[in-house]
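Inspection log for the structure reproduced underneath, given as structure tokens.
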Amino acid sequence: ALGSGPAARRPGQGAAPSRMFSYRREGGGAPGRAGTARFLARHSSWGFVATRAARGKIQGMPYGNCLLLSDGPVNNSTGIPFFYVTPKDNTVTDLLKNPMASLTLPEADGNFCRKNVIDPEDPRCARLTLTGQMVTVPPEEVEFAKQAVFSRHPVVRKWPRSYEWFFMKMNIEHIWLQSWYGEVSPIAVEE
């Protein structure tokens, strides 16, 4: 028979692992929500971008895609996500028609969740969502965007030139962070 409550448990059976709720992110930067958000922006090598589809039978519907990103060269993190994209990608087609997008950066990409055996859907495995406009990087910022993306993703230099690659960045308007049980917390862009 299955019992309930602490008295029904045998030692070691069904007990939570020790320190289950006291994990700390290594090298997590500044404490607090803004620090966690900056950490995720700095250490994410990819993100999930959601757009409104601009083509075919799914026009007007939500569309998502994973894209490589960088928030600056390894020694100069900015918090601004830069992308190396091609107009042949459906996501980019959507963004050129409607630049509003949502970008989710999951902590599952790093070692924290794996090391602590935390499922990516567990609220302790943080998720940062940025929303704003995706814009083409202006000519005066292209060199910085190139350093940002190529320093973190050197293989993209070898991608076929016939795909007309160019750089985009997100002008962040809203930030939300889920890093624990409970509600998703808004964070001021200024933070």
Closest approach of M168 and V137, non-hydrogen atoms and distance? C-CG2, 3.7 Å
Do V156 and F82 sit in one hydrophobic cluster, given that two such residues count as connected whenever their side-chain heavy atoms are within less than 4.5 Å of each other, even indirectly? yes
Worked verdict on F166 versus Y84 for ring pair (Phe, Tyr, Trp, His ring centres under 6.0 Å): CA-CA 6 Å; F166 67 100; Y84 192 50; 8.6 Å; no
Starting from F144, can I reach V74 by hopping between I/L/V/M/F/W/Y residues whose side chains sit under 4.5 Å apart? no
W159 and W165, any side-chain heavy atoms less than 4.5 Å apart: yes
Okay, side chain of E173, backbone of G132: is any donor-acceptor separation there less than 3.5 Å? no
Start with the C-alpha distance between R52 and D94, add both sets of side-chain angles, then the distance that settles side-chain contact (heavy atoms from CB on, under 4.5 Å), and finish with yes or no. CA-CA 6 Å; R52 179 175 285 171; D94 297 343; over 6 Å; no
Can you give me every donor-acceptor pair (side chain of residues 95-105, partner residue at least two apart or in another chain, under 3.5 Å) with its distance?
residue: N98; atom: OD1; partner: M100; partner atom: N; Å: 3.2
residue: T104; atom: OG1; partner: T129; partner atom: OG1; Å: 3.3

R127 and L40, any side-chain heavy atoms less than 4.5 Å apart: no
Quick one: do S45 and H153 satisfy side-chain contact (heavy atoms from CB on, under 4.5 Å)? Show the steps, please. CA-CA 8 Å; S45 59; H153 304 284; 3.7 Å; yes
Does any part of the side chain of L128, heavy atoms only, come nearer than 4.5 Å to the side chain of R33, both counted from C-beta? no
Hydrophobic cluster membership, W176 vs F48, 4.5 Å side-chain cutoff: no
Side chain proximity check, F83 to M134, heavy atoms < 4.5 angstrom: yes
Do you know the tightest heavy-atom contact between A37 and L177? N-CD2, 4.5 Å
Between P186 and I175, is there a side-chain heavy-atom distance shorter than 4.5 Å? no
Go through the steps for K169 and E141 under the test side-chain contact (heavy atoms from CB on, under 4.5 Å), then give the verdict. CA-CA 10 Å; K169 68 177 182 175; E141 291 183 45; 2.9 Å; yes
Looking at every heavy atom in both K146 and F167, which two are closest together, and how far apart are they? CA-CZ, 3.6 Å
I'd like to know whether I80 forms a side-chain contact (heavy atoms from CB on, under 4.5 Å) with M170, so could you lay out the CA-CA distance, the side-chain angles of the two residues, the decisive distance to 0.1 Å, and finally the verdict. CA-CA 7 Å; I80 299 168; M170 177 178 268; 5.9 Å; no
Would you mind writing out the side-chain donor-acceptor pairs for residues 60-73 within the sub-3.5 Å range, not counting sequence neighbours?
residue: N65; atom: ND2; partner: D89; partner atom: OD1; Å: 3.2
residue: N65; atom: ND2; partner: D89; partner atom: OD2; Å: 3.3
residue: N65; atom: ND2; partner: T91; partner atom: OG1; Å: 3.1
residue: S70; atom: OG; partner: G72; partner atom: N; Å: 3.2
residue: S70; atom: OG; partner: G72; partner atom: O; Å: 2.9
residue: S70; atom: OG; partner: A148; partner atom: O; Å: 2.8
residue: D71; atom: OD1; partner: S77; partner atom: OG; Å: 3.2
residue: D71; atom: OD1; partner: R152; partner atom: NH2; Å: 2.9
residue: D71; atom: OD2; partner: S77; partner atom: OG; Å: 2.5
residue: D71; atom: OD2; partner: G79; partner atom: N; Å: 2.9

Sequence neighbours excluded, the answer for side chain to side chain contact (heavy atoms under 4.5 Å, CB included) partners of E164 is P87
